[in-house]
Amino acid sequence: MKSTFSFAHKALALAVAAGIAGSASAAVTDRVYFSAAPLVLVWGTDATGNPAVVSDFVLVNTASGTAGTDLTAASVIPVITGSMTAVPTAPSGNSLYAITNPAAAPAGGGVLTDAGTAGQLDAADTYTAFGLGATTNIGFSAGPQSHSFYVASNTGFDIFAQTGAVAYTGNFNAGSVPLTAITWSMSLSTAATTDAGVSWGGAAAQNPTGAGTGILAATSLNAFAAPTKVFDGTQRTALAAGTILAQSVRFSVQYGLNYNLSMGAGSVSVPVTYTVYTP
């Protein structure tokens, strides 16, 4: 009897153990998480003239009205519009003169042939004869003073401008050439375009103005003594899937000088810094 009882007890213990093992289970919890930060890429060229270089990679995550965090060490160098030629950081040479409102002339009316260094007035350049009228004058040609930079973004952004210290030479000074005499205007393009072999814009890009006020009306550099909003945008430049170039837009800035001969001969150089801000 004793041995039989012992056998039954062992069988019951095995049955209980088997029941516990049969109900055991295990779980694996996996989590996948992506979060896209608001980014604005500003590109142009670099100090050595390499085209299509993103020199400002801006994290737009700060309070409204403050500059985004620039994740790159360098700053963008703008290009002469329609090219990938860097705007000189140390300007030299003489600007081209344009004849404004020439009267009828037998030889074509003051047409310039820029035969020397491109964009600079020098001894190799020539003009045709031009007639004088009541409104005929001489000014600076606007062409060499159109500068551009490019932006690709996954979010809305603002751009502010501020002038730095002005450098004068010759007869030019703050009295003869005030910043009110230097005109400023900005334009924006999203069209598929190729500038010096670099293709950008098109169907994958959109105007980033959105519900914003867009580009500031034409004014003068005198308006930018303090940081001033020159572009107000609320949507990204990237409209559809594509490359950074395809999702880019071009901001072009036109500078002019209301010059007349009474200002004399000299130069004026004004640095203008464009900074990406949060909307």
- Query: Does Thr128 reach the main-chain N or O of Gly110 with its side chain, forming a donor-acceptor pair under 3.5 Å?
  - Reply: yes
- Checking Gln247 side chain against Ala240 main chain: does a donor-acceptor pair fall under 3.5 Å? yes
- Task: Take the angle between the ring planes of Phe149 and Phe251 and call it parallel below 30°, perpendicular above 60°, tilted in between.
- Result: parallel
- Given Phe157 and Phe231, is the ring-ring contact (aromatic ring centres under 6.0 Å, His included) satisfied, shown in steps? CA-CA 8 Å; Phe157 58 92; Phe231 174 75; 5.5 Å; yes
- Query: Given side chains that start at C-beta, do those of Tyr150 and Ser252 come closer than 4.5 Å, heavy atoms only?
  - Reply: no
- Task: Determine whether Ile138 and Ile99 make a side-chain contact, defined as any pair of heavy atoms from C-beta on separated by less than 4.5 Å.
- Result: yes
- Message: Test your reading of the model: is there a side-chain donor-acceptor pair from Asp158 to the backbone of Gly233, 3.5 Å cut-off?
- Response: yes
- Message: Rounded at 0.5 Å granularity, tell me how far OG1 in Thr209 sits from CG in Asp232.
- Response: 8.0 Å
- Atom CZ of Arg250 with >12 non-hydrogen neighbours under 6.0 angstrom: yes
- Query: CG of Leu216: more than 12 outside heavy atoms within 6.0 angstrom?
  - Reply: yes
- Note on the structure: On a heavy-atom basis, the closest approach of Asn61 and Thr278 is N-CG2, 4.3 Å
- Task: Locate the shortest heavy-atom distance separating Asn50 from Asp46; write the atom from each residue and the value.
- Result: N-OD1, 2.8 Å
- Task: Identify the heavy atoms of Ala52 and Val198 that sit nearest to each other, and give their distance.
- Result: CB-CG1, 4.1 Å
